[in-house]
> 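The structure is given below, and queries will be raised subsequently.
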Amino acid sequence: MLAATTKSDTRYELVVGMEVHVQLLTRSKMFCRCATDYAGAPPNTRVCPVCLGMPGTLPVINRDAVEATVKTGLALGCEIAETAVFARKNYTYPDLPKGYQISQFELPLCIHGRVDVDLPDGSTSPIRVRRVHLEEDTGRSVHEGGYSYVDLNRAGVPLMEIVTEADIHSAEQAYAFLTGLRSVLRYLGVSSGDMEKGAMRCEPNISVRTPEQKARGEYGAKVEVKNLNSFRAVRSAIEYEMRRQIDVLQSGGAVEQVNMGWDEERQRTVLQRTKESSDDYRYFPEPDLPPLALSRAWVDEIRAELPELPGAKRARYIRDWGLRPTEADALTGESLVACFFEGAVAAYGEEDGKPQRMANWITGELFRLIYADGEGQDLRQIADVRIAPAQLAALLALIDDKTINPNTGKKVLDIMYATGDDPQDIVAREGLAMVSDTSVIDEAVASILAANPAELARYRGGETKLFGFFMGQVMRATQGKADPNAARQRLQELLDEA
Amino acid sequence: MTHDKTAQDKRALHELTIHAALEGMRSGEFTSVQLTQALLDRIAAVDGNVKAYLRVTAEKALAQAEKADRRRAAGDDAPLLGAPLAIKDVLATSGVETTCGSRILQGFMPPYTATAVARLNDAGMVMLGKTNTDEFAMGSSTENSAFFTTHNPWDFDRVPGGSSGGSAAAVAADEALGALGTDTGGSVRQPAALCGVVGLKPSYGRVSRFGLIAYGSSLDQIGTLTKDVRDAALLLNVIAGSDPLDSTCLETPAPDYTAALTGDVRGLRIGLPDEYFIDGMQPEVEASVRQAVAELERLGAEVVRISLPNTDKALPVYYLAATAEASANLARYDGVRFGYSAGADSMFENIRRTRGEGFGAEVKRRIMLGTYALSAGYYDAYYLKAQQVRTLIKRDFEQAFTQVDVIAAPTSPTTAFRIGEKVDDPIQMYLTDIFTISANLAGVCAVSVPCGFDKANLPIGMQLIGPHLGEETILRAADAYERATDWQRHAPALTGRAS
């Protein structure tokens, strides 16, 4: 790993613009009727003459893909074009069937958006979105044993490209932007956003510049990094590139404008083989697709149907329910988590700090169980846990009415997670109800004091920190069921009796 | 040399028009199998010299004819039931090799059929075979076919025009009752004029381009080659109309074009553009066209002198716009998925060699031209400028059609030229399309009808250009002219130096 930025780095400003490609969750491909469910399918089984680029075939625009892009554009605060134009991006590669990719160049679907990114330190930075456009994915090339193979199942899958302005100035910002973007995409239901499955691909353009350059409105030479398979990798790559570029500049060199790849194992960027030809894509308007008119009425309909987005939810949790920002963040990152939380609050109640208590239980205990479940760190699994939001609310109610104490509550939650049973049933079945019967507690306290005369003498001699020891013994003797407040009170009385 | 078909009491089956043949089959005079066999016999007899067909699908044709006869016996009277037609080889035909006249597509069997052809099939067509074309429809003489040159039935020493030269020659030589061609810059009308048949290029978007193997996508349009105007209307009736597979195909419903053939042109305003009667054109062509316009005037039309001021820019605009699109359209021929593959050892080497060996010189020339026009630093000066001037050309027509209903002009500045005459001079070859290109750039419709012969007994064509979706008007005018004259009744003698 790289060392954190050193003092001399303050001479340089990091400038990053982000290109994010997002596979859309449409049922069919961008320009034909082939299914998009190619994951695990044998090669070249999700293909037709159109996505194979066979002569004489023509593209037809997938309306759902356009809708998903408009949705995303609206969610990112973009203006939606009244007329959008598709263009041909020309380059040669065996996994690009037509020898050009249908993309957008001038007149993309969405322009001029803005995302406000909240950072862990509590600050917010605005990142402008230059454009959101729609294009088609390529196939995949496999090079094996001296042969090259082409699988065109992925060719023509709708791909949305989101391009930011060069407004990102730290790896943390980039990380927060991407996390927030993925969250929005999932809220909208337009993409799985799974980076490791290639459904979301991020390519940062990284450069550094001196304050003098900045004053003159100039930028340093930028390096585009590809092959980043996780947000963590994006963050590491930006940190690495910044360090590398600064080192080059400080040793009197010049940064070359190149494409680099990320080597995850060695945690460094490596120069990608220079392309056969320079990047002249010879864009021109796609003559097979007339300009796409987007009626204002349709755009307004889509706008009206937008769900509440993570930022708005977070603000509402803080404003209406008094949540702390940390929990509000943790609960709104995934729409499925927010949905669970809101269901649980609905069953539990909004009064007396209940939402915050519920938030603590979900982000603390429930997340712990999900993370420990072997399926990785994906909180979307909350949709599949056996605990219903109302059951979690019932558990908290049992704690509130002192049927069980909070520690027992954790035990009950573990059982609920494993069985899906109601907390009331578990408490009854396992005999976990809290004991507040004073005679039982009195008896337990008396026998503990009798069994530990040495500790009692030391306590009475002034070693009051032994109170904890006695309290532990009492709880153990009651199998944790004693009402801790009642136990504490009685213990104090008896200890102080002498 | 010319013999008059009416001199015979009864025409031979292969000499019939489509509508006459349909009448004959309806009345039970003959069957589609008999008609199809007559055409196959005709092909066998003359195509060795004409070389209109790249491939004759005799077995399939007879099977289709039998099916048509069964359908008719069962009471079906589909609009083209049993009519034997030819299809230009740039239109995809499922299960029938489709090459575009190119080595790079040799052996290519498309698993789909062009919408226009599928509609002809549904209407009962019998497909006789696939006709020769300049490679990827790039050319004006069929000399750019990778396989052979088609000979003009009026003089075998001469070209039939192109790129739909195979289709035009097949119809002219009675080797098909009618045919489909494609027209990107005149490729239906110019060979129609040079072969003495009727060639219709519908408005852009009137006929689906699905399955038309693209050359210049914003210009390509499927058209018809027929023995008379009524047959053109009959075929257009079947192939016109919207298609969910082609987003550039118009939703506007297609009317019954035969209903427009009233023979009445009284009050029709015909524009004669100054820019279409120029120095350097063959005097007999100008004389014939002017005489034809006079004939329309005699029939009651009004003739108006008009101007299409940007006409002189049409050729350069076309050779930037069409080639730019072609450079992308032809990028898919990489030897990876279909067609010819050179079998080189490395990935990119195979693409290079496949294209190097698979494409002919003219195709390579146009790919390079188009690539250049789109390249960084040249885009504004070439591609973009061409698009801007294209808009001006379009406006010329819009302006003209506020004054007139139809524009009359020569189809080609000369009659059929000799094989080999222009093959080494691309500019001279390009100039043969000087009168036809503007209609494609403007997206309007146009038809070429026979209007006379030159001293060498080579046919001359008059072009009638109409506004966008003005097919009914130009067909009405062309039909009225045809009724008043007898040029279409002349048949070629099929002589000359046979190949």
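In what follows, every chain begins at residue 1, and chains take the letters A, B, ... in the order their sequences are listed. Below, all heavy atoms of this structure are taken into account, side chains as well, without hydrogens, waters or symmetry copies.
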> Side chains of B:Arg337 and A:Asn44: any donor to acceptor distance under 3.5 Å?
no
> Can you say whether B:Pro111 sits under 4.5 Å from chain A via the side chain, the backbone, both, or neither, judging by heavy atoms?
side chain
> Between B:Ser217, B:Gly335, B:Ser218, which has the largest tally of heavy atom pairs under 4.5 Å with chain A?
B:Ser217
> Around A:Glu79, counting heavy atoms of other residues, nucleotides and ligands shown, do more than 12 lie under 6.0 Å from its CD?
yes
> Using a 4.5 Å cut-off on heavy atoms from C-beta on, say whether the side chain of A:Pro55 contacts that of B:Phe108.
yes
> Considering non-hydrogen atoms only, spot the tightest contact between A:Pro97 and B:Arg332 and give its length.
O-CB, 3.5 Å
> For chain A, find which of B:Asp220, B:Asn350, B:Thr371, B:Val336 contributes the most heavy-atom pairs closer than 4.5 angstrom.
B:Thr371
> Using a cut-off of under 4.5 Å for heavy-atom pairs, which of B:Ala376, B:Gly216, B:Ala328, B:Ala92 has the most such pairs with chain A?
B:Ala328
> At what distance, to the nearest 0.5 angstrom, does OG1 of B:Thr98 lie from CE of A:Met54?
10.0 Å
> With distance as the sole criterion, is a donor-acceptor pair present between the side chains of A:Arg282 and B:Tyr383 under 3.5 Å?
no
> Mark yes when over 12 heavy atoms from residues, nucleotides or ligands other than B:Phe338 sit less than 6.0 Å from its CZ; otherwise mark no.
yes
> Nearest heavy-atom pair of A:Thr57 and B:Tyr112: which atoms, and what distance?
CG2-CZ, 3.8 Å
> Just wondering, are more than 12 heavy atoms of other shown residues or ligands nearer than 6.0 Å to NZ in B:Lys364?
yes
> For side chain to side chain contact (heavy atoms under 4.5 Å, CB included), just list the numbers for A:Arg88 and B:Asn329, CA-CA rounded to whole Å, side-chain angles, deciding distance to a tenth of an Å, and then say yes or no.
CA-CA 10 Å; A:Arg88 293 185 181 178; B:Asn329 284 332; 2.8 Å; yes
> Measure the shortest side-chain to side-chain distance between A:Phe284 and B:Gln387 over non-hydrogen atoms and say whether it is less than 4.5 angstrom.
no
> What part of A:Ser148 gets within 4.5 angstrom of chain B, counting heavy atoms only: side chain, backbone, both, or neither?
side chain
> Do A:Thr92 and B:Ile351 come close enough that some side-chain heavy atom pair is under 4.5 Å?
yes
> Would one find more than 12 heavy atoms of other residues, nucleotides or ligands at under 6.0 Å from atom CD of B:Glu251?
no
> So for B:Ala114, is it side chain, backbone, both, or neither that comes closer than 4.5 Å to the heavy atoms of chain A?
neither
> How about NZ on A:Lys222, more than 12 heavy atoms from neighbouring residues, nucleotides or ligands closer than 6.0 Å, or not?
no
> Chain B heavy atoms under 4.5 Å from A:Tyr147: which part of the residue, side chain, backbone, both or neither?
neither
> Starting at OH of A:Tyr281, measure out to OG of B:Ser375 and round the result to the nearest 0.5 Å.
14.0 Å
> How about A:Tyr93 and B:Phe348: do any of their side-chain heavy atoms sit closer than 4.5 Å?
yes
> Would you indicate whether A:Arg201, at its atom CZ, is surrounded by more than 12 heavy atoms from other residues, nucleotides or ligands within a distance under 6.0 Å?
yes
> With a strict 4.5 Å heavy-atom criterion, list every residue of residues 285-299 of chain A that contacts chain B, or say none.
A:Pro285, A:Pro287, A:Asp288, A:Leu289, A:Pro290
